[in-house]
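A, B, ... follow the sequence lines: proteins, then strands. Residue 1 opens every chain.
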Number of protein chains: 2
Amino acid sequence: MKLGQATIKDIARELNVSSSTVSRALKDYPGISDETKRRVKELADKLNYRPNAVALSLRKSKSFTIGVIIPEVVHFFFSTVISGIEEVAFSNGYNVILCQTNERLDREKSSIDTMLSNQIDGLLVSFSKETTEFDHFSKLMDLDFPIVFFDRLPEIPNAVNVTVNDFEGAYQAVKHLLEQGYKRIVHLAGPSNLAISKKRKEGYLKALAEAGIEADESLIIECPGGNEKESFDVTKQLFENEKNRPDAIFAHHDIVAAGAMMALKSLDLRIPEDVGLVGYSNWQFSSMIDPPLSTVSQPGFKIGETAITMLLEMIDKKRDYKSEPVQVVLDTELLVRKSSVRI
Amino acid sequence: MKLGQATIKDIARELNVSSSTVSRALKDYPGISDETKRRVKELADKLNYRPNAVALSLRKSKSFTIGVIIPEVVHFFFSTVISGIEEVAFSNGYNVILCQTNERLDREKSSIDTMLSNQIDGLLVSFSKETTEFDHFSKLMDLDFPIVFFDRLPEIPNAVNVTVNDFEGAYQAVKHLLEQGYKRIVHLAGPSNLAISKKRKEGYLKALAEAGIEADESLIIECPGGNEKESFDVTKQLFENEKNRPDAIFAHHDIVAAGAMMALKSLDLRIPEDVGLVGYSNWQFSSMIDPPLSTVSQPGFKIGETAITMLLEMIDKKRDYKSEPVQVVLDTELLVRKSSVRI
DNA sequence: TTGTATGCGTTATCAC
DNA sequence: GTGATAACGCATACAA
């Protein structure tokens with residue numbers, strides 16, 4: 001702070017009343033004369049009085065601030081989630097403190113520490129790729145501190161969380177490819193330590209199994225980096241050899257799909273005629289590339305909205321999430337575009 | 001807050017010393033016996049003591065929190081800026097409170113109010129498209145409240161700000177198109193009330209003038225919405241008629257360029273052979289579309305870094321920005337890709 | 001209808 | 001070396 005902000009005391013002094021009177025007048029407490037109220041409010045207005053939220057936090061042991069831990073802000077999906085969080089927070093009078101971990105565990109831990117120092121009322125978390133043990137979260141949960149996880153699921157019993165149905169999303173995507181007549185479908189998978197990656201892989205496997213196709217482990221390739229270059233290289237190598245060449249790709253991520261698409265083009269393979277392609281996440285660019293990329297859309301904004309709504313309920317103790325833990329699973333939507341339609 | 005956090009008082013009570021002693025011991029003040037220090041620190045550790053930043057804020061009239069006002073989080077450029085801000089803030093022990101205005105003035109004003117209530121130490125602002133008067137900012141600046149504007153420049157004398165050289169960026173882009181032999185260059189411009197839009201238009205005009213080409217007002221079309229659909233429609237109409245058809249487009253924004261690209265394709269015009277295309281901002285998708293889009297890249301991360309670094313200097317009064325106002329202008333970079341290269 | 005006293009957690013000032 | 005006290009801004013239990 002910096003501004004010579006007027007306080008309740010200033011108003012009280014000027015009006016020759018006590019600070020309690022001013023405090024009560026400002027909040028329309030019963031038992032204050034209309035005349036006093038009028039004078040107080042008038043002066044408050046004139047002095048541009050603004051309650052000091054910090055003092056209030058201290059007094060009430062409540063800060064109306066929630067912390068958000070996110071791996072990377074520069075990520076279409078996450079920025080959408082943040083947007084949803086911010087909307088609901090704002091309209092409920094809450095502030096949002098944002099920390100990005102850059103996928104690092106130490107950042108995650110120290111960010112949480114700072115936020116706790118700042119007396120946040122609750123925490124929304126999508127933890128880092130490095131996070132494999134969850135003590136720093138479960139300790140807090142044991143103390144009844146409100147936490148809602150989103151997108152990435154911790155291995156903590158009864159953790160309240162919001163995710164999308166990754167299994168179903170992947171299943172639908174691969175089923176769609178099969179219906180289009182593709183047979184040898186590659187899966188460019190995510191880092192195997194993330195639950196979302198596992199779920200997507202399982203969905204892929206289920207669709208194959210249902211179609212009576214035996215899964216070929218050599219067609220499941222991990223692309224943990226999630227950048228174009230990585231999947232470009234992987235794809236190029238995989239499709240170079242004409243013999244027994246795959247005819248479709250299900251990528252765990254649109255960026256990965258984009259890299260694959262470039263690799264296919266560099267090999268003069270046509271999409272969707274020669275190779276079908278489906279991504280994941282519906283990044284903003286996906287509809288703009290050529291051919292437009294089929295993808296599984298995750299409701300990022302809604303994830304954010306849902307997560308913070310639940311968090312606020314926990315904070316206000318409107319619902320007892322302790323006795324009735326909640327796992328919300330939101331539906332994905334398969335967006336069929338040109339890259340996977342050949343019939 | 002929520003956790004039954006240990007306070008200095010708790011430690012004092014348990015150790016039968018006064019809170020002042022504990023406070024001093026924890027901060028290695030001189031004049032405290034090593035023995036006491038040891039005992040205090042040990043217990044603090046055991047109780048997982050964490051200083052209450054809210055109490056500190058109140059005491060010190062300083063919150064180590066800065067506010068960020070941004071039009072939209074879901075915007076590649078802005079998310080990059082936020083990322084830069086967050087990095088520097090974190091490493092300097094500052095928190096970031098984020099508010100998005102959704103390009104609305106009322107949101108902007110009320111967000112600032114809440115943030116001020118929360119005793120932020122300073123403000124980073126990219127104001128909304130609706131903002132045409134700047135009293136709500138200049139009032140604060142008159143009171144010496146630290147504000148740094150970025151990307152969008154307010155009409156306030158001596159406002160400290162960080163922008164990119166939009167004039168030069170646009171100039172380079174159009175010059176490049178001219179060098180490639182394009183002659184009738186359309187400018188899909190941004191909202192005319194934003195300084196950045198004006199600058200880009202001026203750069204466009206200068207490049208034309210230098211090449212001895214007279215500007216044709218009918219080739220400058222405003223696309224204030226900045227979405228694909230808008231520019232798709234505009235472009236389609238503009239290029240439908242073969243007679244006197246333009247042969248290049250300089251869009252104020254990659255999304256706008258993407259819409260234009262789709263329109264050109266729908267008219268079976270080839271890029272870059274028939275029509276050259278350059279965008280602005282280097283969105284993540286720009287390198288992945290077909291053909292890859294030439295664009296003017298803005299150093300978003302660096303803008304964020306620079307803006308907050310200056311803000312922290314203002315807060316710490318390391319430099320007197322009042323007597324020596326600063327306008328930092330960062331360079332853009334023209335990324336030449338396929339969409340604009342025909343020779 | 002209004003005022004007084006106290007405390008939220010911390011630290012600066014003065015005292016011993 | 002250490003302790004008591006006051007203050008940051010506000011709300012509230014208790015008095016009057």
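The CZ-P distance, from B:R13 to D:dT2, rounds to 20 Å in whole Å. One can place CG of A:L15 at 15 Å from C1' of C:dG3, the figure rounded to the nearest angstrom. The distance from atom CD1 of A:I32 to atom C1' of D:dA11 is 13 Å, rounded to the nearest whole Å. Rounded to whole angstrom, the span from the CG atom of B:L58 across to the C1' atom of C:dC8 amounts to 9 Å. Rounded to an integer number of Å, the gap from B:Q119 CD to D:dC8 P is 14 Å.
Pairs engaging residues 12-70 of chain A under the ring-ring contact (aromatic ring centres under 6.0 Å, His included) rule: A:F64-A:Y94 [sequence neighbours left out]. Sorted by first and then second residue, the side-chain hydrogen bond (donor to acceptor under 3.5 Å, both in side chains) pairs involving residues 69-86 of chain A (not counting sequence neighbours) are A:S83-B:Q100, A:E86-B:R107. Among residues at least two apart or in separate chains, ring-ring contact (aromatic ring centres under 6.0 Å, His included) pairs with a member in residues 104-144 of chain B are B:F127-B:F134, B:F137-B:F149. Each side-chain hydrogen bond (donor to acceptor under 3.5 Å, both in side chains) pair with one or both residues in residues 300-311 of chain A, not counting sequence neighbours, would appear here, but there are none.
Checked against side chain to side chain donor-acceptor pair (under 3.5 Å), A:D142 has no partners two or more places apart in sequence or in another chain. Applying the salt bridge (charged side-chain N to carboxylate O under 4.0 Å, His left out) criterion to B:D316, with sequence neighbours excluded, gives no partner residue. For A:D28, the salt bridge (charged side-chain N to carboxylate O under 4.0 Å, His left out) partners are A:K37, A:K41, not counting sequence neighbours. Applying the side chain to side chain donor-acceptor pair (under 3.5 Å) rule to A:E42 yields the partners A:R38; only residues at least two apart in sequence or on another chain are considered. Checked against side chain to side chain donor-acceptor pair (under 3.5 Å), A:T132 has no partners two or more places apart in sequence or in another chain.
No engagement by B:D10 is indicated, since no non-hydrogen atom pair under 4.0 Å with the nucleic acid exists. Contact annotation for A:V54: no contact, since no heavy-atom pair falls under 4.0 Å across all strands.
Contacts between residues 35-42 of chain A and DNA chain C, counted as heavy-atom distances below 4.0 Å, involve A:T36.
Between B:E133 and B:L105, the shortest heavy-atom contact is OE2-CD2, 4.4 Å. Looking at every heavy atom in both residues, A:F90 comes nearest to B:S110 through CZ-OG, 3.2 Å.
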Pairwise N/O distances under 3.5 Å, protein to nucleotides 10-12 of chain C:
from, atom 1, to, atom 2, distance (Å)
C:dT10, OP1, B:Y49, OH, 2.6
C:dT10, OP1, B:N52, N, 3.1
C:dT10, OP2, B:I8, N, 2.7
C:dT11, OP1, B:K27, NZ, 3.0
C:dT11, OP2, B:S23, OG, 2.8
C:dT11, O4', B:R59, NH1, 3.0
C:dT11, N1, B:R59, NH1, 3.3
C:dT11, O2, B:R59, NH1, 2.2
C:dA12, OP2, B:Y29, OH, 3.1
C:dA12, O4', B:R59, NH2, 3.4

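Between B:S18 and D:dA4 there is no side-chain N or O to OP1 or OP2 distance below 4.0 Å.
The overall bend of the helix from C:dT1-D:dA16 to C:dC16-D:dG1, read as the angle between its terminal helix axes built from five base pairs each, is 50° when rounded to 10 degrees.
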